[in-house]
Protein chains: 2
Amino acid sequence: MKSTIPDDGVPIGQTAGNGSDRPEASLHGEILLRLRDYVVEGNIPEGARVPERQLCEMLGISRTPLREALKVLAAEGLIELLPNRGARVRQLSQRDLAELFDVMAGLESLAGRLACEAITDDEIADIERLHYEMYGHYLHRDMHGYFLANQRIHEAIVDAARNETLKTAYTNFAGRIRRVRYSANFARKRQRWGEAMREHEAILDALRRRAASELSDILFQHLRNKRTAAIEHLTEAPEGAPASPEG
Amino acid sequence: MKSTIPDDGVPIGQTAGNGSDRPEASLHGEILLRLRDYVVEGNIPEGARVPERQLCEMLGISRTPLREALKVLAAEGLIELLPNRGARVRQLSQRDLAELFDVMAGLESLAGRLACEAITDDEIADIERLHYEMYGHYLHRDMHGYFLANQRIHEAIVDAARNETLKTAYTNFAGRIRRVRYSANFARKRQRWGEAMREHEAILDALRRRAASELSDILFQHLRNKRTAAIEHLTEAPEGAPASPEG
DNA sequence: ATGACAAAAAATGAATGCAAAATAGTTGGC
DNA sequence: GCCAACTATTTTGCATTCATTTTTTGTCAT
């Protein structure tokens with residue numbers, strides 16, 4: 001059965017939709033990137049089993065590099081590896097979600113604190129522009145645009161912290177809750193939107209004054225509120241959630 | 001100097017000094033734990049190349065599970081994998097160190113904030129006991145005891161945050177700077193010791209009052225001061241530098 | 001008909017084998 | 001005598017193969 005995978009099947013460079021713009025030499029690295037995206041984007045239902053063989057055929061590689069990639073994804077917290085029972089997409093309990101949001105809040109809070117030490121006026125101006133852009137989306141009730149602008153603002157703050165280690169960790173955690181995060185934003189009632197806008201104004205204000213502790217507080221609270229909204233949302237519509245809390 | 005290392009060398013179960021108390025079924029998991037400890041404890045000089053073959057013989061396993069473990073350690077940031085050029089123990093630049101300390105500061109700061117929401121009086125009492133124990137070590141100039149008590153206090157705060165995700169991340173980052181962290185504590189001049197004690201008192205005070213934002217600030221500043229001390233220390237005595245490659 | 005047991009099938013974990021790349025060692029040219 | 005190019009050895013990356021473990025399926029007994 002094995003050799004039925006001809007070379008012409010799916011050569012490595014194919015990277016469907018991925019674009020070959022990412023500089024990754026080794027096969028396992030390539031696989032890692034593709035698999036991570038594949039999982040993060042939600043192509044596999046939560047808790048679903050991920051058969052190695054099937055993925056191998058899909059990616060056109062042997063099991064060795066795939067298993068290496070799986071180990072890394074497990075270390076990142078995206079999937080879990082049950083001994084002798086294969087890989088499953090990690091299912092986030094409500095508790096897990098709450099924890100992740102809090103950690104994200106802590107990281108952004110830290111980013112804000114550090115940003116106050118290093119941010120330039122130009123960077124603040126950039127964030128202001130994003131803020132007004134977001135405000136425009138808010139007025140037009142453009143949910144998607146608002147979401148993107150919002151994300152870019154938070155990214156800009158993390159960038160301004162000038163801490164690659166922080167940014168890497170932030171990106172990692174963000175990946176874990178990406179799906180939920182997005183759908184959680186849809187959960188925003190009008191009222192919460194308004195609150196969020198006011199919070200963002202406060203963020204900008206503190207940033208302009210380089211008030212580190214204050215900004216840290218505001219950012220944490222801002223993310224905390226998002227967390228609440230997200231969890232309420234999932235409680236109401238437990239789409240991918242495990243109905244029975246396991247702990 | 002070919003391999004010529006007979007099979008009778010070191011069977012897997014040997015786990016010298018490790019003790020088999022850790023519940024890890026799979027071989028690669030066992031390997032991962034042992035390798036991580038091995039690296040964290042500084043058995044391999046920074047920046048040194050780590051040939052797979054050699055590690056395999058040392059651990060008595062084949063390359064496959066070892067390579068899986070290496071990939072995970074690379075994802076954790078302990079080592080780095082150069083394409084086609086093997087694994088090296090990651091060498092932390094001063095910048096990396098500064099970044100890591102800041103992230104640790106952010107995580108502890110977050111831990112303190114969260115702890116204020118959930119900590120019990122008993123837990124605070126525990127921390128108080130640790131504090132007085134630490135004070136005793138301080139008075140007796142017992143550096144090692146002080147270091148351990150100090151570490152336990154910070155751990156207790158992280159535990160009190162009741163956030164497993166945070167704890168995992170904290171442990172991971174702590175592992176990356178463990179060596180430096182320890183030697184950095186030796187760097188403490190008398191004066192810094194006194195300061196640290198006062199900071200710890202402030203931490204306890206804020207914790208008793210459940211003053212989340214305040215505690216968050218104090219913890220961040222406390223770690224920031226440690227960071228400064230550590231980096232100054234390394235600047236004066238760059239011990240871990242790659243004086244002589246392993247050849 | 002249902003449950004338990006057993007054998008077959010499939011999947012996972014680890015080892016080995018092979019091709020390509022890198023490093024070391026050597027030779028040849030200037 | 002020194003540097004460059006070429007060859008040999010080592011090392012890495014991936015595929016394949018082997019050995020367990022799990023899961024499924026089929027049979028039998030109650």
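Note on naming: letters A, B, ... go to the chains in the order of the sequence lines (proteins, then strands), and numbering restarts at 1 for each one. Only this structure's heavy atoms are used, side chains among them; waters, hydrogens and symmetry mates stay out.
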Under a 4.0 Å heavy-atom cut-off, which of residues 71-80 of chain A touch DNA chain C?
none
Please output the side-chain donor-acceptor pairs of residues 76-83 of chain B that fall under 3.5 Å, not counting sequence neighbours, one pair per line with the distance.
unit_1   : atom_1 : unit_2   : atom_2 : d
Glu76(B) : OE1    : Arg36(B) : NH1    : 2.8
Glu76(B) : OE2    : Arg36(B) : NH1    : 2.3

Below 3.5 Å, can you tabulate the donor-acceptor pairs from side chains in residues 108-116 of chain A to any protein atom, sequence neighbours excluded?
unit_1    : atom_1 : unit_2    : atom_2 : d
Glu108(A) : OE1    : His154(A) : ND1    : 2.4
Glu108(A) : OE2    : His154(A) : ND1    : 3.4
Glu108(A) : OE2    : Tyr170(A) : OH     : 2.7
Ser109(A) : OG     : Ser216(A) : O      : 3.2
Ser109(A) : OG     : Ser216(A) : OG     : 2.7
Arg113(A) : NH1    : Asp217(B) : OD1    : 2.8
Arg113(A) : NH2    : Ser216(A) : OG     : 3.4
Arg113(A) : NH2    : Ser216(B) : OG     : 3.3
Arg113(A) : NH2    : Asp217(B) : OD1    : 2.8

Side chain to side chain donor-acceptor pair (under 3.5 Å) involving Thr165(A) - partner list, sequence neighbours excluded
Glu99(B)
My understanding is that only residues two or more places apart in sequence, or in another chain, count here; which of them pass side chain to side chain donor-acceptor pair (under 3.5 Å) with Asp96(B)?
Ser93(B)
Arg162(B): which residues meet the salt bridge (charged side-chain N to carboxylate O under 4.0 Å, His left out) condition with it, sequence neighbours left out?
Glu123(B)
Provide a list of protein-nucleic acid N or O atom pairs under 3.5 angstrom, restricted to nucleotides 16-20 of chain C.
unit_1  : atom_1 : unit_2   : atom_2 : d
dT16(C) : O4     : Thr64(B) : OG1    : 3.4

In whole angstroms, how far is the P atom of dT16(D) from the CZ atom of Arg67(A)?
16 Å
With Arg224(A) via salt bridge (charged side-chain N to carboxylate O under 4.0 Å, His left out) - residues at least two apart
Asp102(A), Glu117(B)
Results of side chain to side chain donor-acceptor pair (under 3.5 Å) for Arg63(B) - residues two or more places apart only
Glu52(B)
Run the side-chain contact (heavy atoms from CB on, under 4.5 Å) test against Asn43(B) and tell me which residues pass, sequence neighbours left out.
Tyr38(B), Glu41(B)
Assert: residue with more 5' nearest nucleotide on DNA chain D, out of Glu52(B) and Pro65(A), is Glu52(B)
Go through the structure and list residues passing side chain to side chain donor-acceptor pair (under 3.5 Å) with Asn172(B), not counting sequence neighbours.
none
Which nucleotides of nucleotides 20-25 of chain D have their base under 4.0 Å from a protein heavy atom (B), which only their sugar-phosphate (S), and which neither (-), written as one string 5' to 3'?
-SSS--
Ile31(B) CD1 to dA14(C) P, in whole Å, measures 9 Å
